[in-house]
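Chain naming here is simple, since letters A, B, ... match the order of the sequence lines and numbering starts at 1 in each. The figures that follow rest on heavy atoms only: side chains count, while hydrogens, waters and symmetry mates do not.
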Amino acid sequence: MTDLPKNLAANPILARWIAVRADGTIDVRAGKVELGQGILTALAQIASDELGVDLAVIRMLPAATTGPDEGVTAGSLSIMDSGAALRVAAANVRARFAEAAGGDDFSYAELATLVDLEVRADPDVPLRSDFTLVGRSVDRLDLPDKVFGRPRYIQDMRLPGQLFGRVVRPPSRGARLIEVSGEVRAELAGGVTLVRDGSFVGVVGVDEAAVGRAAELVRRNARWAEHDSLPDEDELDKFLRSGPHETITVVDDSAAAPTGRTAGAADGIASRAPAGDRVLRATYSRPFLAHASMAPSCGVAVWHPDGRVDVWSHSQGVHPLGRAIAGALGLESSAVRVEHVESAGCYGHNAADDAAYDAVLLARAVPGRPVQVLWSRQDELSWAPFGSAMTADVVATLSAEGAISSWSYDVFSQGHMARPGYAGVPGLLSATFLEDAAEYPAAVDPPAANGYGSMRNALPGYDLPRRRVVGHRLLRSPIRSSSMRALGAFLNVFAIESAMDELAEVAGRDPLEFRLSHLGDPRGRRVLAAAAEEAGWGRPPAEGIGLGLGYAKYKGTGAYCAVVAEVEAETDVRVRRLTVAVDVGRVVNPDGVRNQIEGGAVQSASWTLTERVRFDRRRVTSDTWETYPILRFSQVPRVDVTLVGGDAAEKSVGAGEAAQGPTAAAIGNALAAAVGVRVRDLPLTREAVVAAIENAS
Amino acid sequence: MITLLVNGEHRQVDAEPETPLLYVLRNDLGLMGARFGCGLGLCGACFVHVDGVAVPACDTPIWSLEGKAVTTVEGISPHPVQRVFLDEQAAQCGYCVTGIIMSAVALLGRSPHPGEPEVAAALDRHLCRCGAQQRMVRAIVKAGEDDD
């Protein structure tokens with residue numbers, strides 16, 4: 001007997017996944033959610049093939065607490081985990097219908113009422129080996145609504161009797177509300193209700209524009225006690241190193257490494273390299289980054305008079321969110337029903353869950369009425385969780401032959417996971433403002449089995465002797481951090497791949513040849529070779545233009561990805577072209593993979609070139625698109641994607657996060673090739689390049 | 001009461017004169033195609049046409065629209081540009097796409113066969129966080145070519 005795929009083992013009843021209607025429609029409800037990545041289409045392809053039906057009869061329902069619990073939609077795991085589970089569930093449904101019909105020639109519609117799907121999945125059900133839709137570039141099911149401007153997003157929800165709500169956030173971190181003046185309360189007449197609990201204050205009313213004006217009125221007339229609480233933005237390196245830390249040892253081949261000071265341990269590894277080996281010491285960093293979704297977060301909730309709560313959210317995990325809301329309010333989990341509704345792309349843990357909880361808190365004040373809360377752009381950019389700032393030290397040695405003889409790596413970071421339910425707390429922002437205020441611990445990191453957080457991709461994928469790779473997760477911070485696309489892999493791959501180029505230069509070797517000489521994995525070698533060939537690696541670039549490479553196997557277990565960047569740096573740093581080769585195993589939807597890789601590369605280019613969360617000692621100041629700029633149309637590079645491998649025998653792995661780290665590294669290496677000096681701190685702005693040139697001369 | 005001309009129809013709206021057009025479209029007229037992104041005219045998600053010119057609806061007060069013609073994405077749908085966007089699968093989350101289509105249609109009105117640099121420059125008031133810009137530019141160039 002084989003095992004059920006793990007997400008099906010956790011949700012083994014077929015009816016939770018699939019319902020066959022008498023009109024022939026087949027409803028599929030997976031636990032993964034559409035974030036703009038196209039997952040619903042890919043899952044529909046898998047279900048359709050295994051059921052042996054047209055795609056048109058499949059109706060993909062949103063994830064909900066009434067459906068299978070597949071945790072959060074994150075980590076590039078949906079195709080691998082949900083796809084595998086849904087495939088076996090669909091094969092079971094088909095088998096049960098075939099059994100009822102006494103053969104393979106049957107109509108789902110005719111047998112719909114006769115076949116009981118309230119049964120457990122059989123792990124030994126035969127799976128189809130011939131695919132009709134899997135492997136084809138099927139058009140996205142959700143795009144017509146989006147392109148034609150039909151209501152589809154949570155921001156478009158208008159339930160009968162729905163009210164609009166706005167939350168008035170504190171003016172700075174850690175501020176406490178003293179009072180909202182009584183005169184304002186009087187002015188708020190006209191259908192607008194003020195809701196206050198401690199330092200949580202919001203308004204609810206019928207007319208959205210009036211509610212927005214009321215929120216402004218409250219903001220101007222609220223008195224707060226404020227204090228300095230944030231670190232010095234110009235000294236993030238010092239802040240991240242200051243501790244206290246949790247030590248995360250990924251690997252340590254140094255038998256007798258000195259304990260205590262990390263610099264000592266790093267030098268311990270290097271000092272045992274043969275005499276005469278050359279040493280590279282370099283530190284790389286990134287600032288805090290914002291998810292910066294195009295849509296401000298939104299939540300809708302109804303607090304029923306009998307104590308049940310209905311919630312609609314664009315959360316990445318409706319089940320964990322439901323449990324967190326129930327936990328925060330002391331309700332039974334079964335009293336909180338959460339259904340997913342699409343929003344704009346989130347790229348990780350943004351304010352989606354926080355907005356859902358805001359809606360619940362405001363709905364509690366008006367029982368029976370649905371309340372829709374929409375965050376402002378400013379709040380989205382300043383109060384949503386950030387991707388953590390990170391700093392990483394490489395100490396590596398090169399043998400006389402120009403091969404790496406030891407590798408030591410220390411990374412300092414906040415945790416990358418503060419989703420609802422992390423560290424045993426609800427993790428919902430507004431709970432920290434209530435009269436009975438929650439105190440949350442700093443973000444944690446996913447465990448090794450889930451690919452780490454700060455340490456994601458911290459272990460180089462190369463064949464290296466004498467390695468020491470150690471993380472230092474900050475245990476206290478006033479800045480809330482959580483999961484952002486690729487987690488620590490973005491900076492770790494930037495650091496490792498920048499150091500590879502620096503070592504190649506010291507060794508006097510070509511960066512591609514240097515990498516290949518340290519890389520035995522044939523699939524890794526294949527993507528590197530494919531990207532290099534496609535980009536014309538080895539040709540002499542034009543004056544002022546540099547080519548650079550970046551490579552990683554995401555999480556060490558996922559997609560292989562190599563990127564060649566072509567960069568010019570005359571006045572600004574300009575990425576002209578990114579050539580990407582990727583191997584995601586068996587491909588479900590080739591155009592879907594290309595779209596994810598193109599988008600991942602462009603977003604990574606934006607992080608690498610322009611993005612940095614700004615703050616003073618009290619508040620986040622990068623709260624508009626002018627102060628938190630992202631790449632614009634005329635700055636976006638051409639991206640060419642080559643799909644490599646794709647063997648049907650390989651398991652499918654996700655594509656959403658594979659390009660982030662390699663793209664950043666390729667750009668950094670291409671910039672160094674173009675201008676002759678290296679910038680090790682992101683973002684790679686004009687000012688940073690000028691400073692690096694001045695330092696070098 | 002203010003009378004607005006939206007998608008060729010005169011609509012009576014009971015709202016304060018300074019109310020942004022976007023709220024009126026979405027809440028009073030049930031037209032959800034223009035999306036709220038920033039409220040400051042900085043992201044492009046809410047673009048509509050006013051007398052044929054693409055502008056943000058989030059910072060356009062309705063008092064300024066008397067005697068002018070407002071066209072939303074619903075008013076042009078289905079449009080050949082939308083068809084090409086679907087052919088090219090030129091979106092990921094799609095939140096920015098209706099605003100971009102409105103700017104694209106306005107661009108094609110004044111420059112029927114734009115090249116890639118012209119399209120990219122014309123869309124610089126629009127942000128796309130998913131990184132689907134290349135596909136959108138390609139789709140709009142193609143829409144200009146299909147027009148022949």
Student: Minimum heavy-atom separation for A:Ser343 to B:Cys93, with atom names?
Tutor: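 Heavy atoms of A:Ser343 and B:Cys93 come nearest at O-CB, 4.4 Å.
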Student: With a 4.5 angstrom heavy-atom cut-off, which part of A:Phe148 approaches chain B: side chain, backbone, both or neither?
Tutor: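 Both parts, heavy atoms under 4.5 Å.
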Student: Sort A:Asp145 into side chain, backbone, both or neither according to what part of it lies under 4.5 angstrom from a heavy atom of chain B.
Tutor: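 For A:Asp145, the backbone is the part near chain B, not the side chain.
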Student: Give a yes or no on whether the backbone of A:Gln155 and the side-chain of B:Arg26 come within a donor-acceptor separation of less than 3.5 Å.
Tutor: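 Side chain of B:Arg26 to backbone of A:Gln155: a pair is present.
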Student: Can you confirm whether A:Arg158 is buried at CZ, in the sense that more than 12 heavy atoms of other residues, nucleotides or ligands lie under 6.0 Å from that atom?
Tutor: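 Count over threshold, so yes.
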Student: Heavy atoms only: give me the nearest A:Ala209-B:Thr19 pair and the separation to one decimal.
Tutor: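 Here A:Ala209 and B:Thr19 meet closest at CB-CG2, 3.9 Å.
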Student: For the interface with chain A, which of B:Arg135, B:Met136, B:Gln133 has the highest count of heavy-atom pairs at distances below 4.5 Å?
Tutor: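 Most heavy-atom pairs within the cutoff with chain A belong to B:Arg135.
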Student: For A:Ser606 and B:Arg129, work out which heavy atoms get closest and say how close.
Tutor: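 Of all heavy-atom pairs spanning A:Ser606 and B:Arg129, the closest is OG-NH1, 3.9 Å.
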Student: A:Arg638 versus chain B, heavy atoms under 4.5 Å apart: side chain, backbone, both or neither?
Tutor: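 Contact with chain B is through both the backbone and side chain of A:Arg638.
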Student: Under 4.5 Å, counting heavy-atom pairs only, tell me which of A:Glu34, A:Arg150, A:Gln37 racks up the most with chain B.
Tutor: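 Max contact count across the listed options: A:Arg150.
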Student: Side chain, backbone, both or neither: which part of B:Glu16 has an atom under 4.5 Å from a heavy atom of chain A?
Tutor: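 Side chain only.
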Student: Under a 4.5 Å heavy-atom cut-off, does chain B meet the side chain of A:Leu143, its backbone, both or neither?
Tutor: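 Both backbone and side chain of A:Leu143 come within 4.5 Å of chain B.
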Student: Which region of B:Leu127, side chain (C-beta onward) or backbone (N, CA, C, O), has a non-hydrogen atom less than 4.5 Å from a non-hydrogen atom of chain A, or is it both or neither?
Tutor: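 For B:Leu127, backbone and side chain are both near chain A.
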Student: Sort B:Ile100 into side chain, backbone, both or neither according to what part of it lies under 4.5 angstrom from a heavy atom of chain A.
Tutor: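 When you check distances to chain A, only side chain atoms of B:Ile100 fall under 4.5 Å.
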Student: Given a strict heavy-atom distance threshold of 4.5 Å, which part of A:Pro144 is in contact with chain B: side chain, backbone, both, or neither?
Tutor: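 Interface part for A:Pro144: both.
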Student: If we define contacts as heavy-atom pairs under 4.5 Å, which of B:Asp124, B:Leu42, B:Val97 has the most with chain A?
Tutor: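 Top count of heavy-atom pairs under 4.5 Å with chain A: B:Asp124.
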Student: Nearest 0.5 Å, what's the SG-CE distance between B:Cys38 and A:Met294?
Tutor: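 So the SG of B:Cys38 and the CE of A:Met294 are separated by 7.5 Å.
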Student: Go through the atoms of B:Leu40 and report whether side chain, backbone, both or neither lie under 4.5 Å from a heavy atom of chain A.
Tutor: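 For B:Leu40, the side chain is the part near chain A, not the backbone.
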Student: Where on A:Gln378 is there a heavy atom nearer than 4.5 Å to chain B: the side chain, the backbone, both, or neither?
Tutor: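 For A:Gln378, the contact with chain B is made by the side chain alone.
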Student: Quick one: what part of B:Phe36 sits under 4.5 Å from any heavy atom of chain A, side chain, backbone, both or neither?
Tutor: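 It is both, since atoms from each part get that close.
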Student: Can you tell me which of A:Ala295, A:Pro151, A:Gly345 forms the most heavy-atom pairs within a distance under 4.5 Å of chain B?
Tutor: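 The candidate making the most pairs under 4.5 Å is A:Ala295.
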Student: Please look at A:Thr624 and chain B and tell me whether the side chain, the backbone, both or neither of the residue comes under 4.5 angstrom of a heavy atom of that chain.
Tutor: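 Looking at A:Thr624, just its side chain touches chain B.
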Student: Relative to chain B, which segment of A:Ser376 carries a heavy atom at a distance below 4.5 Å: side chain, backbone, both, or neither?
Tutor: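 Answer is neither: A:Ser376 stays 4.5 Å or more from chain B.
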Student: Give me the atom names and distance for the closest heavy-atom approach of A:Tyr153 to B:Gly94.
Tutor: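 Between these two residues, the closest heavy atoms are OH-C, 2.9 Å.
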Student: Relative to chain B, which segment of A:Leu631 carries a heavy atom at a distance below 4.5 Å: side chain, backbone, both, or neither?
Tutor: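 For A:Leu631, the backbone is the part near chain B, not the side chain.
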Student: Do you know which two heavy atoms are closest between A:Asp591 and B:Gln89, and how far apart they sit?
Tutor: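 Minimum heavy-atom separation between A:Asp591 and B:Gln89: OD2-CB, 3.6 Å.
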Student: Given heavy-atom pairs under 4.5 angstrom as the criterion, report whether the side chain, backbone, both or neither of A:Val636 touches chain B.
Tutor: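 The side chain, not the backbone.
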Student: Below 4.5 Å from any heavy atom of chain A, which atoms of B:Arg125 appear? Answer side chain, backbone, both or neither.
Tutor: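 Just the backbone, heavy atoms under 4.5 Å.
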Student: Can you give me the closest heavy-atom contact between A:Val147 and B:Gln82, atom names plus distance?
Tutor: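 Taking every non-hydrogen atom into account, O-NE2, 3.0 Å.
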Student: Would you say that A:Leu35 contacts B:Gln92 through its side chain, given a criterion of any heavy-atom pair below 4.5 Å between the two side chains?
Tutor: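 No - every pair of side-chain heavy atoms lies 4.5 Å or more apart.
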Student: Only pairs of heavy atoms separated by less than 4.5 Å count here; which of A:Glu611, A:Glu342, A:Glu380 has the most with chain B?
Tutor: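 Among the listed options, the one with the most contacts to chain B is A:Glu611.
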Student: For the residue pair A:Glu208 and B:Asn27, confirm or rule out a side-chain donor-acceptor distance under 3.5 Å.
Tutor: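 The answer is yes; a qualifying pair exists.
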